Undergrad: 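What follows is a single structure, and I will ask about it in a moment.
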Number of protein chains: 2
Amino acid sequence: MDKNLKKRETMHRLCAKGLEIFHEKGYYNTNLDDILKDLSLSKGAFYHHFKSKEDYFITIVQNLIQQKVYALLVEPLNTQENPLPVILDSIEQALEPGKANEIAYGFMLNDFITEFSKRNKEIATYLRDILKVWEVNLVSILKRGKVDGHIARHVDCEGAASYIIASYLGMRTLLAESTNRQLKYNYVQQLKLYFNAIEERQVVA
Amino acid sequence: MDKNLKKRETMHRLCAKGLEIFHEKGYYNTNLDDILKDLSLSKGAFYHHFKSKEDYFITIVQNLIQQKVYALLVEPLNTQENPLPVILDSIEQALEPGKANEIAYGFMLNDFITEFSKRNKEIATYLRDILKVWEVNLVSILKRGKVDGHIARHVDCEGAASYIIASYLGMRTLLAESTNRQLKYNYVQQLKLYFNAIEERQVVA
DNA sequence: AAAGGAACCGACCGGCGGGTCGGTTTAAGG
DNA sequence: CCTTAAACCGACCCGCCGGTCGGTTCCTTT
């Protein structure tokens with residue numbers, strides 16, 4: 001089974017390095033040699049494991065990006081607590097570098113979706129679907145929050161969910177490569193203010 | 001002076017069509033022939049007027065995108081009224097297609113900034129600078145709002161400004177090509193809620 | 001009307017990069 | 001061992017596209 005292990009390991013190395021470089025330089029601005037040189041692998045090795053650059057990237061999306069986004073932004077929503085702090089916390093965690101996420105996995109969605117939506121509809125759809133899952137989970141937890149009396153009755157949960165996602169994605173464009181901690185902090189602060197606005201007002205004694 | 005007119009007209013046609021196609025397909029995914037064929041012009045004509053594709057795009061940024069973003073999102077802020085409705089209105093206007101803006105000029109900034117920030121720092125800087133001007137004007141009008149008692153004293157104006165911009169840019173990724181009117185409407189609604197949160201509370205009688 | 005240059009033409013160049021393919025190394029199975 | 005195929009190698013192919021260049025047309029100027 002050594003051969004089988006080797007295959008797994010090589011594919012995994014290719015995917016990990018590929019994500020790193022694609023994220024850093026963009027998909028279309030990265031050529032395969034950039035990645036292969038780093039790993040001391042050849043074109044032949046690459047095309048032995050993947051049928052095309054596109055197939056390769058789809059594998060990366062499904063095995064790495066999707067997994068990570070779900071783990072960071074979707075799974076944490078699966079709780080019975082007050083939704084707004086839970087959402088805030090998941091986003092804060094997702095923005096925090098240096099933990100499990102050396103790369104800000106959620107953030108890169110904005111870059112890749114923008115890059116692919118005009119070039120490759122198929123890949124764009126895979127990426128959008130990841131956002132979609134996040135969205136439906138947000139909507140669902142927000143609706144429960146309404147029932148549980150944490151969120152004001154007038155709030156449009158679908159609207160709120162896409163607004164949260166939009167602001168999160170948009171931060172990426174502002175942050176760009178500069179890992180500006182101040183901007184991240186500010187963003188979370190403003191998101192809190194927005195959450196204040198949709199929170200159920202406490203009955204004044 | 002006929003020659004001079006001709007030159008102006010050709011350059012203008014090139015820029016207008018260029019923006020249209022670049023916006024539609026992305027800069028790096030558009031080749032010059034795509035544009036030239038549409039205008040029945042030749043490579044020779046193009047390189048007579050512009051020294052490179054890059055030079056061409058910079059001209060478009062400065063003469064079309066910048067102008068339009070300023071007109072739609074910056075100029076309207078130059079008023080003494082209550083800031084929050086003014087900001088909301090300018091954004092609503094900017095999102096409204098079919099008026100002066102057949103193309104959503106503010107929106108395309110997200111696409112182009114994302115596209116260039118990993119490919120061409122110079123152009124990325126030009127685009128970021130446009131956002132920067134919007135940002136400082138937002139900060140300035142928000143600060144005045146605080147002085148005038150329209151905005152709560154605890155609000156961080158810089159944070160608020162970048163949050164507004166982030167949410168606006170992020171909408172683009174969600175909307176993508178689909179001119180989803182519902183999503184735009186929802187966005188404006190949620191922005192209103194956020195504005196409620198930073199607005200100076202009316203003194204209860 | 002002749003000269004000169006601006007506006008424009010379009011065949012061609014050359015680098016880049018995804019993908020191919022015949023060959024070599026390595027390890028599993030008999 | 002010795003066969004077989006998986007894993008890997010790297011020279012090569014080829015389409016794409018930004019940019020070039022020698023030429024033609026058209027307007028302006030004198």
Side-chain angles (χ1 to χ4, degrees), chain A residues 1-61 112 115-116 118-123, chain B residues 1-61 112 115-116 118-123:
Chain A
M1 284 296 119
D2 204 26
K3 270 280 171 65
N4 215 321
L5 257 180
K6 195 82 192 294
K7 181 183 180 70
R8 281 188 172 289
E9 197 219 313
T10 301
M11 288 184 77
H12 183 263
R13 285 205 309 147
L14 276 167
C15 287
K17 178 61 76 177
L19 176 60
E20 181 191 325
I21 309 276
F22 286 142
H23 175 241
E24 183 186 320
K25 305 179 33 173
Y27 177 84
Y28 289 105
N29 198 29
T30 300
N31 58 338
L32 294 179
D33 285 332
D34 291 341
I35 298 165
L36 295 170
K37 201 169 51 186
D38 267 31
L39 298 174
S40 304
L41 284 173
S42 66
K43 279 275 182 70
F46 179 87
Y47 280 95
H48 178 71
H49 293 294
F50 299 98
K51 69 179 220 288
S52 65
K53 189 186 179 188
E54 180 178 331
D55 170 58
Y56 173 46
F57 189 74
I58 291 175
T59 304
I60 290 175
V61 169
F112 286 137
E115 189 172 10
F116 287 110
K118 289 174 181 167
R119 284 259 211 165
N120 186 317
K121 306 293 179 195
E122 188 194 351
I123 293 184
Chain B
M1 285 297 115
D2 203 28
K3 269 278 170 66
N4 215 322
L5 257 179
K6 195 83 194 292
K7 181 186 180 70
R8 280 187 173 289
E9 197 219 313
T10 302
M11 287 182 77
H12 182 262
R13 285 206 306 147
L14 276 167
C15 287
K17 179 59 76 178
L19 177 60
E20 181 191 326
I21 310 275
F22 286 142
H23 175 240
E24 185 186 320
K25 305 179 32 174
Y27 177 83
Y28 290 106
N29 199 30
T30 302
N31 56 337
L32 294 178
D33 286 332
D34 290 341
I35 298 165
L36 295 170
K37 200 169 51 188
D38 266 32
L39 297 173
S40 303
L41 283 174
S42 66
K43 280 273 182 71
F46 178 86
Y47 280 95
H48 178 72
H49 293 294
F50 300 97
K51 69 180 220 288
S52 65
K53 189 185 179 188
E54 180 179 331
D55 171 57
Y56 173 47
F57 189 74
I58 291 175
T59 304
I60 291 175
V61 169
F112 285 138
E115 190 171 10
F116 287 111
K118 291 175 183 168
R119 283 260 211 164
N120 186 318
K121 305 293 177 192
E122 189 194 349
I123 294 184

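Every chain is numbered from 1 and lettered A, B, ... according to where its sequence line falls, protein lines coming before strand lines. None of the values given here were measured: they were computed from a predicted structure.
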Undergrad: Pair A:Arg119, A:Glu115 - check salt bridge (Lys or Arg N to Asp or Glu O under 4.0 Å), show working.
TA: CA-CA 7 Å; A:Arg119 284 259 211 165; A:Glu115 189 172 10; over 6 Å; no

Undergrad: Could you state the atom-to-atom distance from CG of A:Leu14 to P of D:dC8 in whole Å?
TA: 8 Å

Undergrad: Each nucleotide in nucleotides 20-25 of chain D should get exactly one letter: B, S or -. Can you fill that in based on protein heavy atoms under 4.0 Å?
TA: B-----

Undergrad: Just the rounded figure in Å: distance from P of D:dG15 to NZ of A:Lys53.
TA: 19 Å

Undergrad: For A:Tyr27 and A:Phe22, take the angle between the two ring planes, folded into 0 to 90°, and tell me which bin it lands in: parallel under 30, tilted 30 to 60, perpendicular over 60.
TA: tilted

Undergrad: Can you measure A:Asp55 atom CG to C:dG18 atom P for me and round it to whole angstrom units?
TA: 14 Å

Undergrad: Taking A:Ser40 for the side chain and A:Leu36 for the main chain, is one N or O donor matched with an acceptor at less than 3.5 Å?
TA: no

Undergrad: Is there a donor-acceptor pair closer than 3.5 Å between any side-chain N or O of B:Asn120 and the backbone N or O of B:Phe116?
TA: no

Undergrad: B:Arg119 has an atom CZ; how far is it from atom P of C:dG17, in whole Å?
TA: 9 Å

Undergrad: Tell me, yes or no, whether the heavy-atom count around A:Lys25 atom NZ, taken from other residues, nucleotides or ligands under 6.0 Å, exceeds 12.
TA: yes

Undergrad: Test your reading of the model: is there a side-chain donor-acceptor pair from A:Lys118 to the backbone of B:His23, 3.5 Å cut-off?
TA: yes

Undergrad: Show your working on ring-ring contact (aromatic ring centres under 6.0 Å, His included) between A:Tyr28 and B:Tyr28 and close with a plain yes or no.
TA: CA-CA 9 Å; A:Tyr28 289 105; B:Tyr28 290 106; over 10 Å; no

Undergrad: I need the CZ-P distance between A:Phe50 and D:dC8, as an integer number of Å.
TA: 11 Å

Undergrad: Contact list please: residues 20-40 of chain A against DNA chain D, heavy atoms, distance less than 4.0 Å, in numerical order.
TA: A:Ser40

Undergrad: In terms of side-chain heavy atoms of A:Ser42, which of D:dC9, C:dC9, D:dG18 is nearest?
TA: D:dC9

Undergrad: Look at the aromatic rings of A:Tyr56 and A:Phe50 and report parallel, tilted or perpendicular, splitting at 30° and 60°.
TA: tilted

Undergrad: Could you tell me the separation between the CE atom of A:Met11 and the C1' atom of D:dA6, rounded to a whole number of Å?
TA: 14 Å

Undergrad: Please check the phosphate of C:dC8 (OP1 and OP2 only) for any side-chain N or O of B:His48 closer than 4.0 Å.
TA: no

Undergrad: Looking at B:Thr10, I'd like to know whether one of its side-chain N or O atoms comes within less than 4.0 Å of OP1 or OP2 on C:dC8.
TA: yes

Undergrad: Tell me the interatomic distance from A:Leu41, atom CG, to D:dG10, atom C1', rounded to whole angstroms.
TA: 13 Å

Undergrad: Would you check if the side chain of B:Asp38 reaches a backbone N or O of B:Ile35 as a donor-acceptor pair within less than 3.5 Å?
TA: no

Undergrad: What is the distance, rounded to the nearest whole Å, between atom NZ of A:Lys6 and atom C1' of C:dT26?
TA: 8 Å

Undergrad: Between C:dC8, D:dG18, D:dA7, which nucleotide gets closest to the side-chain atoms of A:His49?
TA: D:dA7

